[in-house]
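Working notes, beginning with the structure itself.
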Protein chains: 2
Amino acid sequence: MEKYVKILKENNIKITSPRLVILKYLSENLSHPTADQIYTDLKTNNPSLSKTTVYNSLETLEQHGIIQSITISGSELHYDLNRGMHHHFYCKKCGRIYDIPLSCPNIEKMSNYGHKIEEVHGYIKGICKECLKKGRI
Amino acid sequence: MEKYVKILKENNIKITSPRLVILKYLSENLSHPTADQIYTDLKTNNPSLSKTTVYNSLETLEQHGIIQSITISGSELHYDLNRGMHHHFYCKKCGRIYDIPLSCPNIEKMSNYGHKIEEVHGYIKGICKECLKKGRI
DNA sequence: TGTTAAATTGTAATAAGTACAAATTAGTAA
DNA sequence: TTACTAATTTGTACTTATTACAATTTAACA
Ligand SMILES: [Mn+2]
Ligand SMILES: [Mn+2]
Ligand SMILES: [Zn+2]
Ligand SMILES: [Zn+2]
């Protein structure tokens with residue numbers, strides 16, 4: 001837990017219990033959970049946790065670049081620890097989100113349009129290999 | 001309007017007035033509008049148009065690959081005519097979405113993970129040049 | 001240990017999108 | 001042309017992710 005305290009301190013964010021458990025959760029769950037999944041999972045061991053707090057904490061962590069929100073699904077945000085550029089694959093059948101460990105070779109070119117770039121997301125969609133295996137096409 | 005009739009016919013979609021005006025609208029508005037923007041703009045000249053129909057028509061057009069939904073904003077879908085791969089820039093200040101005419105050089109590599117790829121989206125986020133110009137940083 | 005600004009909590013509100021049933025219509029066949 | 005039918009449109013009600021807000025609690029600091 002000291003690890004997470006340190007991260008918050010480095011970012012000048014107040015050390016609070018919700019922030020610590022959410023950060024710990026995201027560090028141990030790289031499956032890109034939604035706010036609701038995080039809330040439901042943490043609620044059992046943290047009965048006083050409020051869903052609003054989950055949303056607030058996620059926003060704070062994201063503003064400091066500690067985590068990232070993923071808009072790939074179109075219906076709700078998914079969250080990911082911010083650890084180096086990688087792409088995401090979204091399965092239209094089962095909804096799972098897979099990491100694709102590629103970085104974007106285009107970033108330099110992207111800077112030529114006059115916009116200030118803060119985030120780069122590479123999203124791929126289709127049917128995942130698990131669903132293909134099950135023949136659900 | 002014959003142009004749009006042709007597109008629907010080629011895709012074996014019934015020719016209906018809502019589908020035609022929505023397709024025409026998206027062809028003439030490459031600003032990546034939301035369903036609500038499309039509905040509001042078309043409603044004035046098409047008073048019987050229902051918002052549900054806008055959603056239904058957009059879904060049909062997307063299923064046939066004529067248009068694409070863009071999940072870049074995270075709060076609502078934006079729509080774009082499907083005309084060749086390009087990336088999108090989302091301004092966190094003003095919400096505008098800009099086209100970035102780059103294709104993805106990674107697509108081959110992406111196929112190496114066993115998933116069936118159907119869509120590739122490149123999203124960049126930051127502050128657009130218009131907002132930078134206005135000094136709103 | 002006391003103070004205070006910031007964070008948490010619970011509830012109510014918002015807004016994008018979907019479900020559904022009744023009315024309408026496009027496409028086809030007589 | 002007309003009649004038929006399945007598909008589409010429409011309006012309304014509903015769902016669900018997210019936000020607003022006010023009261024309560026707490027972290028940080030003096
Ligand atoms: Mn990831
Ligand atoms: Mn575009
Ligand atoms: Zn899958
Ligand atoms: Zn802007």
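To find a chain, count down the sequence lines: A is the first, B the second, and so on, and within it residues start at 1. Note that the structure is predicted; figures quoted are calculated from it, not measured.
Side-chain atoms of Ser73(B) and Glu76(B) form a donor-acceptor pair, as typed in the model, at a separation below 3.5 Å. For Tyr113(A) and His115(A), the side-chain atoms include no donor-acceptor pair closer than 3.5 Å. For the residue pair Asp80(B) and His86(B), a side-chain donor N or O sits within less than 3.5 Å of a side-chain acceptor on the partner. In this structure, a donor-acceptor pair under 3.5 Å is absent between the side chains of His87(A) and Asp99(A).
Nucleotides of DNA chain D with any atom under 4.0 Å from a heavy atom of chain A span, from 5' to 3', dA17(D) to dA28(D).
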- Begin with the C-alpha distance, continue with both residues' side-chain angles, and end with the deciding distance and a verdict on ring-ring contact (aromatic ring centres under 6.0 Å, His included) for His88(B) and His121(B). CA-CA 8 Å; His88(B) 289 106; His121(B) 298 260; 7.9 Å; no

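Salt bridge Lys24(A)/Glu28(A): present, at least one basic N to carboxylate O contact under 4.0 Å. Salt bridge status for Asp36(B) with Lys43(B): absent, with no side-chain N to carboxylate O gap under 4.0 Å. Note on Glu10(B) versus Lys6(B): salt bridge recorded, some NZ/NE/NH1/NH2 to OD/OE distance being below 4.0 Å. Checked for salt-bridge contact, Glu130(B) and Lys93(B) miss the test: no charged N lies under 4.0 Å from a carboxylate O.
Residues Lys14(B) and Ser50(B) each lie close to DNA chain D; by heavy-atom proximity, the contact nearer the 5' end of the strand is made by Lys14(B).
Atom P of nucleotide dT28(C) and atom CD1 of Ile15(B) are separated by 10 Å, given to the nearest angstrom. Atoms CD1 (Ile13(B)) and C1' (dT25(C)) sit 17 Å apart, rounded to a whole Å. We find that CG of Asn11(B) is positioned 14 Å from P of dG27(C), with the value rounded to whole Å. Following rounding to the nearest Å, Gln63(A) (CD) and dA6(C) (P) show an atom-to-atom distance of 14 Å. A straight line from CG of Asn12(B) to C1' of dA26(C) spans 14 Å, rounded to a whole angstrom.
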Pull out every protein N or O sitting under 3.5 Å from an N or O of nucleotides 16-18 of chain C, one pair per line with the distance.
{"unit_1": "dG17(C)", "atom_1": "OP1", "unit_2": "Leu77(B)", "atom_2": "N", "d": "2.9"}
{"unit_1": "dG17(C)", "atom_1": "OP2", "unit_2": "Tyr55(B)", "atom_2": "OH", "d": "3.1"}

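Using a 4.0 Å heavy-atom distance criterion, Thr16(B) is classed as a sugar-phosphate-only contact. Using a 4.0 Å heavy-atom criterion, one finds that Ser48(A) contacts the sugar-phosphate atoms exclusively.
Each end of the helix from dT1(C)-dA30(D) to dA30(C)-dT1(D) gets its own axis from five base pairs, and the two axes differ in direction by 30°, given to 10 degrees.
Here the shortest heavy-atom pairing between Leu26(B) and Pro33(B) reads CD2-CG, 3.7 Å. Minimum interatomic distance between Leu20(A) and Val5(A) (heavy atoms only, all atoms of both residues): CD2-N, 3.6 Å.
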